[in-house]
Every structure is written in structure tokens, then in C-alpha cells.
Amino acid sequence: MSARFDIYQVMKLVPQGFKLLGELDAYTKSTDLDPKLRELVKFRASQINGCVYCLSYHAADTRNLGESEMRLYCLSAWEESHLYSEMEKAALELTEHVTLLPSLKVPDHVYHKVRKYFSETQYINLTMLIMMINSWNRLSIAMGFTPEAE
């Protein structure tokens, strides 16, 4: 895919829309969800969506929080891995269901599994986090954002 716009052009052309996404992003950071978990969720949704820009961005953020390379490498196979806690697995399962909503929906067993580890408010905030990163992924992919070369 060719680059259509860079992120700065989008910020300039639709500042209010970009600001609103940024405010939702800031809100999700202000919640009591663990920062490492937030980044794992964003990274996993970005893997599912194939968003190279967000994968690059969130890999760096995740590593800056002290996350191990091994956990990032194995994230696409989280279900089979002992590297993730049951709480993280519940959040990652919800991430997959919300990201693939048209085909997976969010069945009751997923909701109840997540609620073992997260309060009502945390469940809603986790869902908003997943919704937010999916919005960024879709914007990034549609605009053709590409990560900076290292």
C-alpha cells in the first residue's frame, strides 16, 4: 500500500477528529488498567488488524514499559503460552472478540471470564481501550501511515 497521508497531514486537515481520538486515548491512559496490559491489548489488536504503523509504535511503548521481547514475540499465540497470566489472557480474548466483532461477537462466557479479573468499570474501560486502538488502526491503515525507519 502506498502512503496516502502522513499523520501530521491528518492532524492538520481534520484537527477536531484527531483531537477526539487523542482524547479517548488520553482517557484510556488515565484509567486504573495496568499500563503493560494496555500496551499488550493495543499490540494484539494491531496484529489482528495488520496495522504496521501501530505495531511499530506500540512495540516501542511496550518495551519502554519493561515488557520482554519474548512476550511480544509470542503474543499472537497467547492462548498456547504460559507467558501470560489468566487475567491477561482474559483481556486478550476480549480484545480478539471486540476487534473481530462481526464474526466473533462477545459471548457470555468471554464476558464472565473477563469479569473474574476486572470490575464493571474496568470491563467498560478495557472495551473502550480496544475500541480506541481499533479506531487508530483503521485510520492508520486507511491513510497509509508507515512507521519511521530505524
Side-chain angles (χ1 to χ4, degrees), residues 1-11 18 21-107 109-119 121-150:
M1 171 190 352
S2 63
R4 297 169 185 151
F5 299 91
D6 68 38
I7 197 165
Y8 304 105
Q9 288 173 294
V10 173
M11 289 169 56
F18 201 86
L21 269 178
E23 287 173 358
L24 182 55
D25 197 354
Y27 170 76
T28 65
K29 289 176 183 169
S30 76
T31 68
D32 65 350
L33 295 173
D34 178 70
K36 281 186 179 181
L37 177 67
R38 285 195 319 259
E39 290 304 318
L40 285 176
V41 164
K42 290 189 271 187
F43 196 84
R44 182 64 189 128
S46 299
Q47 283 179 323
I48 294 166
N49 289 322
C51 183
V52 66
Y53 183 84
C54 292
L55 284 168
S56 172
Y57 186 87
H58 294 293
D61 283 353
T62 304
R63 286 192 311 267
N64 287 338
L65 288 172
E67 188 59 78
S68 74
E69 295 288 323
M70 183 58 68
R71 282 175 37 104
L72 276 182
Y73 299 151
C74 295
L75 191 56
S76 64
W78 63 266
E79 288 178 282
E80 292 82 31
S81 177
H82 67 282
L83 296 172
Y84 310 96
S85 71
E86 292 304 312
M87 179 195 70
E88 290 170 327
K89 286 182 176 187
L92 293 168
E93 185 172 9
L94 181 65
T95 301
E96 292 189 0
H97 280 266
V98 173
T99 300
L100 300 169
L101 196 59
S103 57
L104 293 183
K105 311 289 186 226
V106 180
H109 75 275
V110 172
Y111 169 77
H112 291 298
K113 188 183 301 182
V114 173
R115 285 301 313 283
K116 281 189 212 176
Y117 305 101
F118 297 92
S119 70
T121 301
Q122 288 173 321
Y123 175 82
I124 294 166
N125 284 331
L126 183 57
T127 303
M128 291 183 82
L129 171 69
I130 298 163
M131 179 186 77
M132 180 272 305
I133 190 57
N134 275 283
S135 294
W136 280 116
N137 289 165
R138 283 153 176 74
L139 179 67
S140 177
I141 291 166
M143 299 302 116
F145 293 167
T146 55
E148 305 252 341
E150 289 190 24

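Contact between L65 and P35 at its shortest, heavy atoms only, is CD1-O, 3.6 Å. Minimum heavy-atom separation, P147 to Y53: N-CD1, 3.8 Å. Shortest non-hydrogen contact noted between F5 and F145 is O-CD2, 3.4 Å. Of all heavy-atom pairs spanning C54 and I133, the tightest one is SG-CD1, 4.4 Å. In plain terms, the two heavy atoms of L55 and F43 that are nearest each other are O-CE1, 3.4 Å. For the pair K36 and G66, the tightest heavy-atom approach, listed with the atom from each and the gap, is NZ-O, 3.7 Å.
M132 is not listed as a side-chain neighbour of R38, based on a closest heavy-atom distance of 4.5 Å or more. Two residues are said to be in side-chain contact when any heavy atoms from C-beta on lie closer than 4.5 Å; M131 and L24 meet this criterion. With contacts defined as side-chain heavy-atom distances shorter than 4.5 Å, the pair H58/D61 qualifies. Contact annotation: the side chain of E88 approaches that of L37 to within less than 4.5 Å [non-hydrogen atoms, C-beta and beyond].
Judged by distance alone, the side chain of T28 and the main-chain N or O of D25 form a donor-acceptor pair under 3.5 Å. A donor-acceptor pair is defined here as one N or O able to donate and one able to accept, closer than 3.5 Å; no such pair exists between the side chain of R63 and the backbone of E69. A donor-acceptor distance shorter than 3.5 angstrom exists from the side chain of R115 to the backbone of F118, with no hydrogens or angles considered. Within the 3.5 Å criterion, the main-chain N or O of V52 finds no donor-acceptor partner in the side chain of S56. Listed for the Y84 side chain is a donor-acceptor partner under 3.5 Å among the backbone atoms of R71.
A search for side chain to side chain donor-acceptor pair (under 3.5 Å) contacts involving E96 returns R44, W78, not counting sequence neighbours.
Here the straight-line distance linking atom OH of Y111 with atom OG1 of T127 works out to 9.5 Å at 0.5 Å rounding. Here the straight-line distance linking atom CD1 of I7 with atom CZ of F18 works out to 4.0 Å at 0.5 Å rounding. Summarising the geometry, atom CG belonging to D32 is positioned 8.0 Å from atom OG1 belonging to T121; distances are rounded to the nearest 0.5 Å. In this structure, S81 OG and K89 NZ are separated by 6.5 Å, a value rounded to the nearest 0.5 Å. Taking OH of Y57 as the reference point, atom OG1 of T62 lies at 11.0 Å (rounded to 0.5 Å). Separation of atoms OG (S30) and CG (N125) is listed at 7.5 Å; rounding is to 0.5 Å.
Exactly one of N137, N49, N134 qualifies for a side chain to side chain donor-acceptor pair (under 3.5 Å) with T99. That residue is N134.
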Please assess L92 against L75 for the test side-chain contact (heavy atoms from CB on, under 4.5 Å), listing each intermediate value before the final yes or no. CA-CA 9 Å; L92 293 168; L75 191 56; 3.7 Å; yes

Can you check salt bridge (charged side-chain N to carboxylate O under 4.0 Å, His left out) on E39 and K42, steps first, answer last? CA-CA 5 Å; E39 290 304 318; K42 290 189 271 187; 2.8 Å; yes

